[in-house]
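To keep things clear, I will list the structure first and then write my remarks on it.
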Amino acid sequence: MPKSEHLNGEPVKNQQQLARALGVGFALFGLACSSSGGSGNPGSGGTMSGGGTAGSAGAAGFGGAGGGAANGPTGDPLIDKFVCPDQAGAPAVAAVHPTVEQEAYQHVELTAYIHYGLDTFDGTEQGNVSDTAAVFNPTNLTQATVDHWVSTLQNAGFQQVQLTDKHSTGFCLWQSATTNYSVANSPWMGGKGDLVKMFTDSMKRANLRVGVYLSPWDQRVPSSVQSYGSVLTEQLTELLTNYGNVYEITWDGFNSAGSHGTPATVDWAKISQKAKTLQPHILVWAGPEVSEQMSAENPPSFPDLQWIGNENGQASRTTSSLDLTNCAALLDGTMVGKNLWCPYESNVSSHMPNWFWHPNQPPMSAASMERIYFRTIGMNSTLIFNIPPDQTGDFDPQDVALLNDFGTWYQSTFKTDLLKGAPATADSTWASAGFEASKAVDDDYCTYWAAADGKTTGTLEVTPASPASINVISIREPIKMGERVTKYHIELNQNGTWATPSDVNDNKVQGTVIGNRQLWQMNNVSATGIRLVIESARDVPLIAELSAY
């Protein structure tokens with residue numbers, strides 16, 4: 001890109017599957033949930049995106065907060081299939097927890113970017129102001145080509161994809177009424193093409209979620225003039241009105257209006273609310289330069305999703321949806337928001353550090369992509385992974401091979417849960433039926449073990465039928481109930497002795513955050529038993545999954 005995340009090329013901050021398969025990619029990942037939707041659970045809550053409270057009087061927050069109706073079906077299958085049902089007799093939901101849209105988004109886990117535009121053809125990353133629309137001239141960009149994008153990503157397990165509908169050049173990949181700097185004045189398809197329509201049509205046929213990347217920085221209008229706010233709003237309206245359901249809008253903060261002393265030509269709270277008016281279930285992702293402006297308004301407002309702080313695909317063991325560093329803070333770091341749920345999204349490109357395709361620049365290796373998976377999704381973040389088409393319009397064959405290899409690796413790695421259905425015990429259990437220790441090993445992350453009322457510690461022990469050779473340990477909390485665990489460790493029984501093992505990086509398997517998922521890579525260690533020891537929690541501990549592969 002680079003994204004909002006950078007100033008003079010350096011990071012401005014450092015931070016820190018559920019319903020049944022619908023489509024080839026989701027089936028590949030083999031994730032399970034008993035059902036979606038469900039009746040309300042007394043004491044549970046979660047504000048819908050765009051209508052939440054920010055934890056302070058008068059604040060207009062977009063993020064999830066306490067109070068409100070229980071998470072439930074929205075009527076949109078691409079949200080509801082990723083949302084867990086409420087369970088009768090369950091513990092009370094934590095005061096801060098996700099909206100249904102945020103829960104679905106976190107359960108999607110793996111999403112993609114497709115960076116395509118003038119930069120693909122002029123060899124730059126941020127465009128050349130002298131480029132005309134004629135520079136955009138792919139040699140074989142057809143509906144079949146776009147279908148190939150989508151099928152390749154789906155087969156690799158991706159559930160949501162964002163096309164760069166407009167990058168910083170200001171060039172629009174759709175027939176926009178706001179500018180003549182678009183595909184309408186390119187030689188591609190005689191000026192009649194609409195790449196956004198081709199893309200969204202293909203995504204709908206594949207039952208995948210569409211995201212929109214609409215660059216706040218526009219070098220053509222430019223974004224520094226006062227009229228730009230209305231132009232950006234019109235472009236947003238076109239994209240969110242004419243192409244079906246959209247599940248995420250990205251406000252990349254890099255050189256965005258109002259950042260680093262540039263003219264504040266866009267009211268970011270107002271335009272984000274406009275997005276939610278047009279698409280009630282959309283999630284707003286904002287880079288720090290945008291979220292800082294939203295936080296400074298009176299009343300303040302906040303995005304639904306935040307940036308991880310780097311473009312290397314690197315989260316951390318402390319990454320938490322309760323950490324609002326890039327979601328609800330001012331430029332000087334003063335925290336304005338509180339009691340908000342704001343998940344982290346980690347971004348990286350297959351051609352890092354470049355986001356657009358350029359000749360003779362091969363993608364990363366499959367091993368690198370696998371490591372990125374563990375250090376993002378395996379550290380309570382989602383991953384948005386960029387695959388840029390080449391000058392023909394299709395994915396580079398090397399990128400196709402990378403995605404195919406990744407899908408094969410994932411299917412093989414997570415094919416067999418060694419703990420599924422194994423005898424499981426706990427030192428305490430919630431009084432109501434349905435929350436037994438066995439729920440943590442039933443291959444269904446919508447069910448969960450709950451410790452007894454009043455407990456803030458707990459131990460869950462699983463004994464596989466035969467000694468297990470473990471390469472990966474997976475732990476999940478039921479995030480619709482909030483993040484609860486604040487300190488935990490794993491113990492393995494080896495030769496009759498229980499001890500905390502180390503992972504492949506020689507780190508002890510212990511932490512302070514579980515959240516949606518913690519994945520620990522192990523050195524094919526053999527064990528006759530596994531324990532999850534919860535040393536402290538904000539409320540009654542709940543564990544949706546304890547798995548080993």
Side-chain angles (χ1 to χ4, degrees), residues 1-5 11 13-17 25 29 31 82 98 102-113 153 156-162 209 211 248 250 283 285 287 304-323 325-327 342-353 355 363-387 402-403 405-407 409-410 413-414 445 472-477 479 483 503-505 507 509 511-521 545 549:
M1 286 186 179
K3 289 182 63 69
S4 72
E5 304 79 57
K13 290 183 177 180
N14 286 304
Q15 184 270 353
Q16 318 203 245
Q17 294 139 326
F29 278 65
L31 304 177
F82 296 107
Q102 289 171 319
E103 180 192 357
Y105 161 84
Q106 287 184 271
H107 283 152
V108 165
E109 296 187 338
L110 185 60
T111 73
Y113 267 139
L153 288 165
F158 290 80
Q159 292 297 303
Q160 178 176 301
V161 188
Q162 288 190 44
R209 293 160 51 108
E248 182 179 348
T250 292
L283 293 171
W285 184 100
D304 303 295
L305 310 171
Q306 58 183 320
W307 175 60
I308 196 62
N310 63 77
E311 295 186 330
N312 304 318
Q314 179 68 68
S316 78
R317 292 294 177 194
T318 60
T319 297
S320 168
S321 297
L322 304 178
D323 175 0
T325 299
N326 287 337
C327 186
C342 198
Y344 278 91
E345 181 177 275
S346 298
N347 57 323
V348 71
S349 177
S350 66
H351 290 250
M352 65 180 296
W355 292 89
M364 67 176 62
S365 67
S368 294
M369 187 176 178
E370 292 158 17
R371 285 192 294 270
I372 286 170
Y373 182 88
F374 278 107
R375 69 192 199 197
T376 55
I377 291 171
M379 294 184 177
N380 195 37
S381 171
T382 58
L383 171 61
I384 185 164
F385 190 84
N386 179 60
I387 299 289
L402 171 63
L403 292 174
D405 288 346
F406 175 80
W409 165 82
Y410 190 100
T413 300
F414 296 97
Y445 68 60
V472 178
I473 295 172
S474 177
I475 316 168
R476 290 182 184 268
E477 289 183 289
I479 57 168
E483 286 183 10
D503 69 1
V504 294
N505 298 310
N507 297 311
V509 183
T512 57
V513 176
I514 295 178
N516 183 57
R517 201 171 197 187
Q518 294 291 326
L519 291 169
W520 293 88
Q521 288 180 277
E545 175 186 273
Y549 302 91

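Numbers for residues simply follow the sequence, beginning at 1.
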Taking [X] for the side chain and [Y] for the main chain, is one N or O donor matched with an acceptor at less than 3.5 Å?
{"X": "Q306", "Y": "C327", "result": "yes"}
{"X": "T376", "Y": "S381", "result": "no"}
{"X": "N312", "Y": "Q314", "result": "no"}
{"X": "T319", "Y": "S316", "result": "yes"}
{"X": "E311", "Y": "P353", "result": "no"}

Going by heavy atoms in the side chains, are [X] and [Y] under 4.5 Å from each other?
{"X": "I377", "Y": "L110", "result": "yes"}
{"X": "S349", "Y": "Y113", "result": "no"}
{"X": "Y105", "Y": "F82", "result": "no"}
{"X": "M369", "Y": "S350", "result": "no"}
{"X": "D304", "Y": "E248", "result": "no"}
{"X": "N347", "Y": "N386", "result": "no"}
{"X": "T325", "Y": "Y344", "result": "yes"}

Minimum heavy-atom distance [X]-[Y], with the two atoms named:
{"X": "T111", "Y": "F158", "answer": "O-CE2, 3.2 Å"}
{"X": "I372", "Y": "G313", "answer": "CG2-O, 4.0 Å"}
{"X": "P343", "Y": "Q102", "answer": "CD-NE2, 3.8 Å"}
{"X": "E109", "Y": "N516", "answer": "OE2-ND2, 3.2 Å"}
{"X": "Q106", "Y": "N380", "answer": "NE2-OD1, 4.3 Å"}
{"X": "Q521", "Y": "D503", "answer": "O-CB, 3.0 Å"}

Practice task
Classify the ring geometry between F406 and Y373 as parallel (under 30°), tilted (30 to 60°) or perpendicular (over 60°).
Solution key: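 Judged by the thresholds at 30° and 60°, the geometry between F406 and Y373 is tilted.
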Exercise for the section: May I ask you to decide if the ring planes of F374 and F414 are parallel, tilted or perpendicular, using 30° and 60° as cut-offs? Expected result: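 Tilted.
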Calculate, to the nearest 0.5 Å, the distance between atoms [atom1] and [atom2] belonging to [X] and [Y] respectively.
{"X": "M364", "Y": "F385", "atom1": "CE", "atom2": "CZ", "answer": "4.5 Å"}
{"X": "I387", "Y": "L403", "atom1": "CD1", "atom2": "CG", "answer": "4.0 Å"}
{"X": "N310", "Y": "S346", "atom1": "CG", "atom2": "OG", "answer": "6.5 Å"}

Exercise for the section: Report the residue from T382, N326, L283 that forms a side chain to side chain contact (heavy atoms under 4.5 Å, CB included) with L305. Expected result: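 Per the side chain to side chain contact (heavy atoms under 4.5 Å, CB included) rule, the option paired with L305 is L283, out of T382, N326, L283.
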Problem - Pair V348-L383, side-chain contact (heavy atoms from CB on, under 4.5 Å): steps then yes or no - result: CA-CA 8 Å; V348 71; L383 171 61; 3.9 Å; yes
Practice task
May I have the step-by-step check of side-chain contact (heavy atoms from CB on, under 4.5 Å) for H107 and Q159, ending in yes or no?
Solution key: CA-CA 10 Å; H107 283 152; Q159 292 297 303; over 6 Å; no
Problem - side chain to side chain contact (heavy atoms under 4.5 Å, CB included) against D405, all qualifying residues, sequence neighbours excluded - result: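 Counting only residues at least two positions away or on another chain, D405 forms a side chain to side chain contact (heavy atoms under 4.5 Å, CB included) with A366.
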Handout entry: Check: R317/Q518 side-chain N/O donor and acceptor closer than 3.5 Å
Key =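 Yes, because at least one side-chain N or O of R317 sits under 3.5 Å from a partner of the opposite role on Q518.
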